[in-house]
Colleague: 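Dropping the structure in here first, questions after.
Numbering starts at 1 and runs along the sequence shown. Both backbone and side-chain heavy atoms feed into the values below; hydrogens, waters and symmetry mates do not.
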Amino acid sequence: SSTDLEEKFTKAIILADAKFYLSMIHFMQQEISGYLSAGLQLKRAWKIYARVQRQLFDLYKKVEPNAEKIYGSDSNSNTIQLIMEEEETASTTTASSNEEDELSQLGELKITEEEMSQQGMSTDTIKRLLGAVSFGYGLYMFLFSLAPSNMLKLIKILGFQGDRNVGLKAISFCSNSKDMRAPMADMILLSYGILITPLFGLNECDVRVSDDDIVQLLDKNLKKYPRSAFMFYYKGQYLRAQRRLDECMRVQEEAFENTKNNPELQLISLEEMGWLSLMALNYESAFDKFNTILGRTKWYRSLYAYLCAVI
């Protein structure tokens with residue numbers, strides 16, 4: 001039934017998310033065995049993401065005539081479609097039987113073609129599920145695309161894909177969906193548009209997040225979460241990039257007031273206020289901010305001690 005199929009898709013996506021987060025925990029162990037375990041979990045999560053994304057996108061195309069255009073794969077930009085065709089071809093060749101055995105051994109969920117043909121899920125349900133899997137699928141594509149070009153070949157050999165355009169389009173689809181991962185997708189888009197774009201060279205083929213899109217994302221999330229420290233941080237970074245330092249300082253002060261119950265986030269706002277004071281040549285205020293951080297934090301104490309000494 002449609003309910004059973006929806007439940008299987010949901011469980012598969014949750015399982016992939018769990019494996020992805022588990023890999024992050026293994027990475028934090030900073031041990032060789034941890035790195036190997038993390039790599040294995042990343043590979044398993046990617047297989048689930050890629051398979052479920054392909055199946056849900058096929059269902060979405062059946063219920064939405066403009067699916068490829070909405071999702072970001074049109075006649076002028078068919079990267080997503082090409083990648084899905086490559087994965088589908090690979091899954092029907094010799095790798096198919098091996099992958100099937102591996103998935104069954106791991107106890108991971110599979111949706112058969114028969115179940116796909118008999119599905120009766122509504123359009124809203126398909127869009128929500130596609131938005132859910134697009135977050136993990138797009139995050140993989142986006143993160144691996146940030147690797148140096150000479151490492152992309154190694155990444156493909158290991159079975160992963162890295163395409164910035166595809167990743168951002170998938171994350172953007174999740175951002176516009178009704179899935180609970182939409183706010184996290186917004187944060188990734190804001191991080192890319194405000195923080196990452198200045199650090200990485202862009203060419204004409206790269207997807208850009210315009211200033212209008214950034215403002216729209218900030219306004220949408222600040223209306224939903226008026227006391228969100230993260231959104232205030234992003235807004236402050238955007239105003240800082242626009243050289244609107246006075247407005248940025250007011251935003252950071254508001255973020256500082258909204259995070260009184262979270263000392264760690266409060267220190268982030270305090271650090272931003274310190275740098276803003278330094279940029280405005282207000283040395284006394286900058287010293288007070290960095291000296292306060294020095295007394296509260298256990299991290300990078302030598303950096304803040306150096307800043308206080310220089311100021």
Colleague: Is there a donor-acceptor pair closer than 3.5 Å between any side-chain N or O of Thr259 and the backbone N or O of Phe256?
Modeller: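 Looks like yes, one N/O pair under 3.5 Å.
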
Colleague: Decide, yes or no, whether a salt bridge links Asp17 with Arg181 under the criterion of side-chain N to carboxylate O below 4.0 Å.
Modeller: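 Arg181 and Asp17: salt-bridged.
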
Colleague: Do you know the tightest heavy-atom contact between Asn221 and Leu217?
Modeller: ND2-O, 2.8 Å

Colleague: Please determine whether the number of non-hydrogen atoms from other residues, nucleotides or ligands lying under 6.0 Å from atom CZ of Phe230 exceeds 12.
Modeller: no

Colleague: Between Asn291 and Phe287, is there a donor-acceptor pair closer than 3.5 Å when you use the side chain of the first and the backbone of the second?
Modeller: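 The answer is no, because no donor-acceptor pair under 3.5 Å joins these two groups.
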
Colleague: Short question: side chain of Thr197, backbone of Tyr192 - any donor-acceptor pair under 3.5 Å?
Modeller: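 Yes, the answer is positive, given that a donor and an acceptor are paired below the 3.5 Å cut-off.
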
Colleague: How long is the gap from CG on Leu40 to NZ on Lys43, to the nearest 0.5 Å?
Modeller: 9.0 Å

Colleague: Could you check Met249 against Ser277 for side-chain contact (heavy atoms from CB on, under 4.5 Å), going step by step and ending with a plain yes or no?
Modeller: CA-CA 8 Å; Met249 178 64 80; Ser277 299; 3.5 Å; yes

Colleague: My understanding is that only one of Lys235, Arg240, Lys289, Arg250 makes a salt bridge (Lys or Arg N to Asp or Glu O under 4.0 Å) with Glu272; could you say which?
Modeller: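 So, applying the salt bridge (Lys or Arg N to Asp or Glu O under 4.0 Å) to Glu272 and each of Lys235, Arg240, Lys289, Arg250, only Arg240 qualifies.
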
Colleague: Regarding Glu254 and Arg227, does a basic nitrogen lie under 4.0 Å from an acidic carboxylate oxygen?
Modeller: no

Colleague: Between Ser172 (side chain) and Leu168 (backbone), is there a donor-acceptor pair under 3.5 Å?
Modeller: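 It does not hold such a pair.
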
Colleague: Under the ring pair (Phe, Tyr, Trp, His ring centres under 6.0 Å) test against Tyr49, which residue among Tyr140, Tyr137, Phe9 passes?
Modeller: Tyr140

Colleague: Okay, side chain of Thr297, backbone of Ile293: is any donor-acceptor separation there less than 3.5 Å?
Modeller: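 The answer is no, because no donor-acceptor pair under 3.5 Å joins these two groups.
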
Colleague: Distance only, no hydrogens: is a donor on one side chain within 3.5 Å (strictly under) of an acceptor on the other, for Tyr234 and Ser191?
Modeller: yes

Colleague: Any donor and acceptor pair, going by atom type alone, linking the side chain of Ser177 with main-chain N or O of Cys174 inside 3.5 Å?
Modeller: yes

Colleague: Mind listing the closest non-hydrogen atom pair of Ile126 and Leu56 along with its distance?
Modeller: CG2-O, 4.0 Å

Colleague: Kindly say whether Ile171 contributes a backbone atom to a donor-acceptor pair with the side chain of Ser175 at under 3.5 angstrom?
Modeller: no

Colleague: So, taking the atom named CG in Leu22 and the one named CD in Gln41, what distance separates them when rounded to the nearest 0.5 Å?
Modeller: 4.5 Å

Colleague: Between Lys61 and Asp58, is there a side-chain N and carboxylate O pair less than 4.0 Å apart?
Modeller: yes

Colleague: For the residue pair Ser122 / Thr125, report whether a side-chain donor-acceptor contact shorter than 3.5 Å exists.
Modeller: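 Distance-only check passes for Thr125 and Ser122.
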
Colleague: Do the side chain of Ser23 and the main chain of Phe20 share a donor and acceptor less than 3.5 angstrom apart?
Modeller: yes

Colleague: Write down the atom of Met231, the atom of Leu218, and the distance for their closest heavy-atom approach.
Modeller: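 Heavy atoms only, the tightest pair is O-CD2, 3.9 Å.
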
Colleague: Between Tyr60 and Phe173, does the ring centre distance come in under 6.0 Å?
Modeller: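 Aromatic pair counts; centres sit under 6.0 Å.
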
Colleague: Counting N and O atoms only, with roles assigned by atom type, does the side chain of Glu64 sit under 3.5 Å from a partner on the main chain of Asn66, one being a donor and the other an acceptor?
Modeller: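 Judged by distance alone, yes, a pair lies under 3.5 Å.
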
